[in-house]
Amino acid sequence: MSTTPSETIENASLEDRLYTVKYQDPGESHLDVTVPGICASKCKPGEAECVTVCPADVWRQSEDGTPVIAYENCLECGSCRYACSQNNVEWSYPERGAGVTYKKG
Ligand code: SF4
Ligand code: SF4
């Protein structure tokens, strides 16, 4: 009996899929906020779009409201810069040769 392509795809968890991603640390963050005070004044805990949209838990809000950014986990999807309603995300690709590498496309 033959199988269709959809039958051969494993239903791996998000954690398992993220485990297949390689990352070369560029040594400094390619992500930042333009004005940290905007984060503290505009985004209440639990309501920051950068935190809720990121699939890799890169963004966390500190107690004073400013984000802590675990840039080394970034998948370079670009979602955070569009999700921030304050247009307060500084975003660039990591330097050439660094950053994320996808093993399975
Ligand atoms: S959504 Fe934008 S303004 Fe709010 S915490 Fe994130 S970066 Fe700051
Ligand atoms: S680019 Fe994507 S993975 Fe990277 S921090 Fe932004 S939302 Fe998260």
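Atoms within a ligand are numbered from 1 in the order they appear, just like the ligands themselves. Side chains are part of it too, since the values below use all heavy atoms of this structure and drop only hydrogens, waters and symmetry mates.
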Distance-only donor-acceptor check, side chains Tyr71 and Asp25, under 3.5 Å: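 Tyr71 vs Asp25: donor-acceptor pair found between side chains.
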Within the structure provided, determine whether [X] and [Y] are in side-chain contact (heavy-atom separation under 4.5 Å).
| X | Y | value |
| --- | --- | --- |
| Val21 | Thr101 | no |
| Pro94 | Gln24 | no |
| Cys43 | Glu49 | yes |
| Cys54 | Cys80 | no |
| Asp32 | Trp91 | no |
| Trp59 | Val33 | yes |

So if I count the atoms of ligand 1 from 1 in the order they appear, which ones are less than 4.0 Å from some heavy atom of [X]?
| X | value |
| --- | --- |
| Cys43 | 1 (S), 3 (S), 4 (Fe), 5 (S) |
| Ala48 | 5 (S) |
| Cys39 | 3 (S), 5 (S), 7 (S), 8 (Fe) |
| Val33 | 7 (S) |
| Gln86 | 3 (S) |

Checking Asn88 side chain against Ile38 main chain: does a donor-acceptor pair fall under 3.5 Å?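 Not a single qualifying donor-acceptor pair exists.
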Please list, by chain and number, the protein residues whose heavy atoms come under 4.0 Å of ligand 2.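 Answer by chain and number: Leu31, Cys54, Pro55, Val58, Trp59, Cys74, Leu75, Glu76, Cys77, Gly78, Ser79, Cys80, Trp91.
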